[in-house]
Structure formats: C-alpha cells, structure tokens
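First comes the structure, then the notes that go with it.
Within every chain, numbering begins at 1; the chains are lettered A, B, ... in the order of the sequence lines, protein sequences first and strands thereafter.
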Protein chains: 2
Amino acid sequence: MSDSQKFPVAAHALAYLAHKEAFSPDRAVASAELAASVPTNPVVVRRVTAMLGKAGLIGARAGANGGAWLLKPAQDITLDTVLRAVHGCANLGTAPPGVKGCPVGARIPDAVRAALIAADAAAAERLSRISVADLLADPAEREAVLKSA
Amino acid sequence: MSDSQKFPVAAHALAYLAHKEAFSPDRAVASAELAASVPTNPVVVRRVTAMLGKAGLIGARAGANGGAWLLKPAQDITLDTVLRAVHGCANLGTAPPGVKGCPVGARIPDAVRAALIAADAAAAERLSRISVADLLADPAEREAVLKSA
DNA sequence: TATTACGTAATCGCTACCGATACAGTTCCT
DNA sequence: AGGAACTGTATCGGTAGCGATTACGTAATA
C-alpha cells in the first residue's frame with residue numbers, strides 16, 4: 001500500500017503533548033510548535049492531528065491560542081490505538097491474486113494473506129503494550145518496558 | 001521506506017515449489033512457471049528467487065530444464081526467514097530525527113524508533129511460527145496453526 | 001551448435017508521500 | 001468591531017520507489 005510517516009509523526013506529537021502537559025484547552029499546543037519538534041511541516045502535523053482528533057485521542061481548537069491537547073492520560077494511550085487512528089499497518093506487502101486455474105495454486109494467496117494479517121496483528125499487539133507515557137521514560141526504564149514479555 | 005511485494009511473491013513462490021515437490025535439480029521449476037502462478041513477470045520472480053538462493057533456501061540452475069527447487073523441507077522453512085531473505089520488515093515508517101535543542105524532545109525519536117523495532121520484531125516472531133508447508137494446508141487446518149498461541 | 005533458462009542491469013510509467021501555498025472558518029484579544 | 005492567530009482542507013510540484021519490460025551475458029542441456 002503505502003509508505004507513510006504518519007505513525008512516527010503521530011507518536012512524536014503525542015509524546016510532545018504529554019511532555020508539555022497539554023491535557024486541556026488551556027494548554028493547547030499549536031501545530032507549528034509540534035512541527036518544529038519533529039521536525040516537519042505544520043500542515044503535515046495538522047493532517048495527523050486531525051486523524052488523532054477523529055479517533056478521540058486529542059482535542060483541538062482553532063483561533064488564537066488554539067492548538068491540540070491530550071484527552072486522556074499519556075499512560076492510557078497505547079500505540080496500537082495510535083496506529084489505527086492514522087490508518088497504519090505493518091506493511092509487508094499485499095498477497096498477489098494468483099491464478100484461478102489450479103485449485104491449489106489459487107489457495108496460496110489466501111494463505112499468504114492470512115500470514116500477512118497474522119503478522120500485522122502481532123505488531124499491533126506489541127504496540128498495545130507500549131503507551132505514550134513510555135516514550136517519555138528514561139532509556140533504561142523504556143528498555144525494561146519493551147523487553148517485558 | 002518502501003512498499004514491496006517481495007515477501008508475498010517469495011512466499012507464494014516457495015509454496016508453489018513445495019506443492020510441485022521441487023526438492024531437487026531434477027524437479028526444477030522455471031521462473032516463467034512461477035511467474036504464471038503469482039501472477040507477475042518472470043524477471044520479478046527471478047529477482048526474488050535470487051535473494052532466496054543467496055539465503056540458502058532454494059537452489060537454482062541455468063540452462064535447459066533449469067529452474068529453482070527447495071533445499072529444505074517446506075515445514076522447515078519459516079516465514080520470518082523468508083522475510084529476512086528478501087530484506088523485508090514491518091513497515092510502520094521511520095522515526096523522525098527530532099531537534100537537538102530540547103533534551104526531552106530529542107529523546108523522543110529514540111523511543112519511537114525502539115517502538116518501531118519492537119513491532120517489527122513481534123511481526124517477525126509471529127511469522128517464525130508459520131512455515132511454507134502451512135501455506136499449503138487446508139484453510140481449516142491453517143486457521144488452527146495461525147490461531148495457536 | 002542451438003536451445004533453454006538464470007542473473008543482472010537499464011529503462012519506463014505509475015503511484016504515493018512530503019512539503020509548500022492558499023483559503024475559509026473559528027477563536028481570542030484589544 | 002477589527003485584527004491576529006490557528007485549524008482543517010484542497011491543491012500542486014518535486015521526489016522516491018516499485019513493478020513491468022527489454023536486453024544481454026553466462027551456463028547447462030540436448
């Protein structure tokens with residue numbers, strides 16, 4: 001499908017919001033500030049934050065002193081939720097259609113597809129055990145979280 | 001990085017070789033035949049089979065009646081080996097560099113990178129529990145294999 | 001020797017993404 | 001009220017990567 005930086009940008013943005021303690025409209029962070037931290041273009045950030053907003057992970061407000069803020073504590077936002085919010089997936093390719101002639105050969109694509117889905121699910125499951133708060137932890141502490149079975 | 005169909009094509013090709021019982025030079029399957037089954041171009045198949053050959057998964061021989069064959073029983077070839085053979089990975093994007101100014105903001109990229117690596121490792125681990133032989137099993141049987149923790 | 005087939009390089013067309021600009025709508029501040 | 005700041009979205013250009021194709025040298029068989 002698609003190479004996309006949406007997930008890394010989303011994760012970075014959420015971690016930044018958590019670090020800024022932006023948990024309310026009073027502490028909204030503008031897309032320009034987030035973009036400066038990534039770094040990337042403010043529009044790229046807004047494209048991502050718009051999706052995060054639709055997923056209910058963050059709030060956003062236009063106007064002066066506007067911006068984005070977290071709607072949930074950082075430790076309650078897991079990365080698999082973030083991945084789904086930006087329509088991401090573990091991109092290992094798409095199973096080819098195969099040919100309809102041979103009954104066995106035609107079955108291979110379904111099997112390959114199932115394997116791709118299983119791998120994607122495993123990646124998502126792994127990400128479900130990492131929270132945005134974990135991204136801000138010390139490297140040593142983070143290591144412990146990532147290593148935990 | 002890159003969207004690539006290398007892994008699905010490789011998995012399909014190996015399953016096809018297993019189905020054809022191509023376990024020796026006597027049963028070599030030409031790239032044109034593999035390409036017809038995927039379906040894709042013979043050169044695309046040869047690009048993939050060349051990588052699988054370098055990884056020691058298959059043998060290949062040029063000349064008349066040439067082609068590729070498996071070097072190991074299909075149940076001994078796991079899909080994570082195949083993924084590595086074609087230099088594939090779970091593609092969730094690349095962690096942005098961040099800015100060097102803020103000490104905390106600069107640490108986020110490393111954390112995001114670690115999460116991406118963990119997700120990739122989880123996908124590979126899942127694939128390590130699926131063999132080429134599993135791709136040829138009945139859908140019901142395959143379901144059982146994929147579901148097994 | 002003629003044929004078949006691999007392995008590799010070069011090229012082409014296509015697609016998707018990022019970055020940038022622009023604009024309408026919204027919100028705050030003076 | 002008016003201006004400034006900011007979001008969300010549309011659009012465009014540049015770029016990068018991929019699959020498909022053609023081509024060519026090498027190797028193995030008949």
Side-chain angles (χ1 to χ4, degrees), chain A residues 1-10 12-13 17 22 24-36 38-55 57-69 85-89 91-97, chain B residues 1-10 12-13 17 22 24-36 38-55 57-69 85-89 91-97:
Chain A
M1 277 285 202
S2 76
D3 260 357
S4 177
Q5 292 293 108
K6 283 189 176 65
F7 175 67
V9 169
H12 188 111
L17 290 179
S24 76
D26 300 341
R27 299 274 193 142
V29 177
S31 65
E33 182 175 346
L34 290 170
V38 170
T40 184
N41 192 281
V43 175
V44 173
V45 170
R46 289 204 293 271
R47 280 201 274 249
V48 169
T49 53
M51 302 182 86
L52 296 176
K54 282 170 185 164
L57 297 180
I58 64 175
R61 186 174 27 100
N65 288 22
W69 63 93
V86 298
H87 303 147
C89 66
N91 222 324
L92 297 167
T94 306
Chain B
M1 277 292 196
S2 75
D3 259 356
S4 177
Q5 292 292 109
K6 283 189 178 64
F7 174 67
V9 169
H12 188 111
L17 290 179
S24 77
D26 300 340
R27 298 274 192 144
V29 177
S31 65
E33 182 175 346
L34 289 170
V38 171
T40 184
N41 193 282
V43 174
V44 173
V45 170
R46 287 204 294 268
R47 279 201 277 251
V48 169
T49 53
M51 302 182 86
L52 296 176
K54 280 171 187 164
L57 298 180
I58 65 175
R61 187 177 27 112
N65 287 21
W69 65 92
V86 298
H87 301 147
C89 66
N91 219 325
L92 297 167
T94 307

Using modelled atom types and a 3.5 Å cut-off, is there a donor and acceptor pairing between side-chain atoms of B:R61 and backbone atoms of B:A28?
no
On DNA chain C, nearest-nucleotide positions of A:V9 versus B:A30: which is more 5'?
B:A30
Heavy atoms only, 4.0 Å cut-off, all strands: where does B:G67 land among base, sugar-phosphate and nothing?
sugar-phosphate
Short side-chain N/O contact to C:dC17 OP1/OP2 from A:S4, under 4.0 Å:
no
Given atom CG of A:L52 and atom P of D:dG8, what is their separation to the nearest angstrom?
10 Å
Could you check if a side-chain atom of A:K6 sits within less than 4.5 angstrom of a side-chain atom of A:H87, using non-hydrogen atoms only?
no
Side chains of B:L34 and B:L17: does their closest heavy-atom pair fall under 4.5 Å?
yes
Phosphate oxygens OP1/OP2 of D:dT9: is one of them under 4.0 Å from a side-chain N or O of A:K54?
yes
note: A:H12, atom NE2; C:dC18, atom C1'; distance rounded to Å ~ 17 Å
Between D:dC18 atom C1' and A:N91 atom CG, what is the distance in whole Å?
13 Å
Starting at the 5' end of nucleotides 22-30 of chain D, put B wherever the base has a protein heavy atom under 4.0 Å, S where only the sugar-phosphate does, and a dash everywhere else.
BB---BBS-
Roughly how far, to the nearest 0.5 Å, is the CG atom of A:L57 from the CG atom of A:L52?
5.5 Å
Do the side chain of B:R47 and the base of D:dA20 come within less than 3.5 angstrom through a donor-acceptor pair of N or O atoms?
yes
Considering heavy-atom distances to DNA chain C, does B:S31 or A:K6 have its closest nucleotide positioned more toward the 5' end?
B:S31
Contacts of A:A64 meeting side-chain contact (heavy atoms from CB on, under 4.5 Å) (sequence neighbours excluded), chain-then-number -> none
For A:T49, the side chain to side chain donor-acceptor pair (under 3.5 Å) test, sequence neighbours excluded, returns none
